[in-house]
Amino acid sequence: MCATCGCGRDSTAVITEPHVHEHEHEHDHPHHHEHDHPATETVILEQQVLAKNDQLAQRNRQWFADRDILALNLTSSPGAGKTTLLERTIRECPDLPIGVIEGDQETLLDARRIESTGCPVVQLNTGAGCHLDAEMTRNALEALNPPERGVVFIENVGNLVCPALFDLGEQAKVVIVSVTEGTDKPLKYPHMFAAAELVLINKIDLLPYVDFDLDQCVRYARTTNPGVELLALSATTGEGFGDWYEWLADRRRSTLGRAIEVTTQQA
Ligand SMILES: Nc1nc2c(ncn2[C@@H]2O[C@H](COP(=O)(O)OP(=O)(O)OP(=O)(O)O)[C@@H](O)[C@H]2O)c(=O)[nH]1
Ligand SMILES: [Mg+2]
């Protein structure tokens, strides 16, 4: 967790401090050294922030359940294509009741993009913060007042680290990784990929121009999270969106507990 936004305060952190010994002597003082490998010093701090967040997230989850709302927490590194994916999804699923919560450190830019599709949207600005939490989400939900039996997309702050830790009460985290970011992201940010139910590999229209190994990225994601589903698509061209809509319809069926179709008008 990071120190900048305070999300690590009162939480558990393991600090490993390797230091190499150059001496080979016997100690006559009582402290402990590991001579076979770098010594580590572990500091355990409390987990209060995350525990409080989990409680509030549970209330949000009940709030969604009471209204038959499917809530999805959309995470990615900055610029992977979260808002572009939402714009296309909203335009191509006109019969699906959608509400959007936008999370960014600053500006209303993403909210304006969503607003231009005609979809209800609330923007959360986190200032120095690098993730949304359950309390912010609850406040945004009250302002959004999303339609019952619909879908709420929560676009998290662009960041593959802290949003992995904060449950917002969603039914599933959907992680977007784009082909311009490099094949290794699932290995470098394992917590985010471990927390995901679905990974969308976006910007596949750019595959001919970038050094990205799609199969390897899938393998890396499955190393971190063996059960994760992966779909490759392009939010710009719409390629692969049929599978995304099928996944969405499937999740919506389980939320509503009965068969329901998502009718799309794909371009
Ligand atoms: N070529 C290509 N460009 C894309 C695709 N999806 C998004 N982009 C572009 O990538 C840039 C960032 O897209 P956004 O949708 O704003 O990304 P984001 O994840 O919402 O960004 P933040 O909210 O800032 O984290 C924009 O210039 C998009 O047009 C895609 O599938 N292919
Ligand atoms: Mg965005």
Side-chain angles (χ1 to χ4, degrees), residues 2 4-5 71-93 98-117 119-133 136-137 140 144 151-164 166 168 170 173-183 185-186 188-189 192-193 195-196 198-212 214 217-218 230-245 247-248 264 266-267:
C2 69
T4 317
C5 70
L72 299 173
N73 182 356
L74 221 55
T75 62
S76 79
S77 54
K82 300 180 292 301
T83 312
T84 311
L85 175 109
L86 288 180
E87 290 171 305
R88 177 176 286 277
T89 303
I90 294 162
R91 289 205 165 99
E92 293 188 349
C93 303
I98 296 177
V100 175
I101 296 172
E102 280 292 341
D104 283 296
Q105 287 198 322
E106 297 289 345
T107 80
L108 297 174
L109 291 171
D110 281 3
R112 293 214 172 101
R113 285 168 62 185
I114 298 297
E115 200 176 26
S116 74
T117 66
C119 178
V121 58
V122 166
Q123 177 83 49
L124 285 171
N125 287 133
T126 58
C130 57
H131 62 272
L132 298 180
D133 67 24
M136 296 173 198
T137 304
L144 184 65
V151 180
V152 170
F153 289 104
I154 307 165
E155 180 180 332
N156 218 314
V157 180
N159 172 5
L160 282 177
V161 185
C162 307
F166 285 81
L168 307 180
E170 73 274 357
K173 283 190 176 69
V174 176
V175 179
I176 302 186
V177 60
S178 59
V179 304
T180 49
E181 293 167 50
T183 308
K185 291 302 158 290
K188 288 186 170 179
Y189 301 95
M192 181 56 83
F193 287 85
L198 175 67
V199 174
L200 298 175
I201 303 177
N202 190 32
K203 307 197 187 181
I204 56 168
D205 54 295
L206 298 179
L207 275 174
Y209 314 105
V210 293
D211 183 14
F212 183 87
L214 193 58
C217 185
V218 169
L230 292 113
L231 301 174
L233 44 71
S234 166
T236 297
T237 67
E239 188 182 351
F241 266 60
D243 292 338
W244 159 236
Y245 295 141
W247 185 90
L248 207 51
T264 62
Q266 282 185 259

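Counting convention: from 1, in listed order, for ligands and their atoms alike.
- Taking each heavy atom of Leu85 and Leu200 in turn, the nearest pair found is CD1-CD1, 3.8 Å.
- Listed by atom number, the atoms of ligand 1 under 4.0 Å from Lys82 heavy atoms are 15 (O), 17 (O), 18 (P), 19 (O), 20 (O), 21 (O), 22 (P), 23 (O), 25 (O).
- Side-chain N/O atoms of Asp205 and Thr237 include no donor and acceptor closer than 3.5 Å.
- Here the shortest heavy-atom pairing between Glu181 and Ala80 reads OE2-CB, 3.3 Å.
- Take the N/O/S atoms of Glu155: the one nearest the Mg ion (ligand 2) is OE2.
- At a 4.0 Å heavy-atom cut-off, ligand 1 touches Thr83 through backbone and side chain alike.
- Residue contact annotation: Glu87 has no non-hydrogen atom under 4.0 Å from ligand 1.
- Between Glu102 and ligand 1 there is no heavy-atom distance shorter than 4.0 Å.
- Here the shortest heavy-atom pairing between Leu132 and Phe166 reads O-CB, 3.6 Å.
- With hydrogens and angles left out, the side-chain atoms of Thr180 and Ser178 include a donor and acceptor closer than 3.5 Å.
- Considering backbone and side-chain atoms together, Ile204 places no N or O closer than 3.5 Å to any N or O of ligand 1.
- For the Mg ion (ligand 2), the nearest N, O or S atom contributed by Asp110 is named OD2.
- Not a single donor-acceptor pair under 3.5 Å links the side chain of Glu106 to the backbone N or O of Gly127.
- Contact annotation: for Ser76 versus ligand 1, heavy atoms closer than 4.0 Å belong to the side chain alone.
- Distance check on atom 19 (O) of ligand 1: some protein heavy atom falls below the 4.0 Å cut-off.
- Only the side chain of Asp110 comes within 4.0 Å of ligand 1, counting heavy atoms alone; its backbone N, CA, C and O stay farther away.
- Per-residue contacts place Asp205 under 4.0 angstrom from the following atoms of ligand 1 (heavy atoms of the residue considered): 1 (N), 2 (C), 30 (C), 31 (O), 32 (N).
- Atoms of ligand 1 lying under 4.0 Å from at least one heavy atom of Asp104, given by number and element, are 23 (O).
- A pairwise comparison of heavy atoms in Glu102 and Asp110 identifies OE1-CB, 3.3 Å as the closest pair.
- The atoms of ligand 1 that sit less than 4.0 Å from any heavy atom of Leu206 are 1 (N).
- Of all atoms in ligand 1, numbered sequentially from 1 with element shown, those under 4.0 Å from a heavy atom of Pro78 are 25 (O).
- Taking every heavy atom of both residues into account, Gly158 and Pro78 meet most closely at O-CG, 3.4 Å.
- The shortest N/O to N/O separation between Ala80 and ligand 1 falls below 3.5 Å.
- Remark: ligand 1 atoms within the under-4.0 Å shell around heavy atoms of Gly81 are 7 (C), 13 (O), 14 (P), 15 (O), 17 (O), 18 (P), 19 (O).
- The closest donor-acceptor contact from the side chain of Asn156 to the backbone of Gly103 lies at 3.5 Å or more, if one exists at all.
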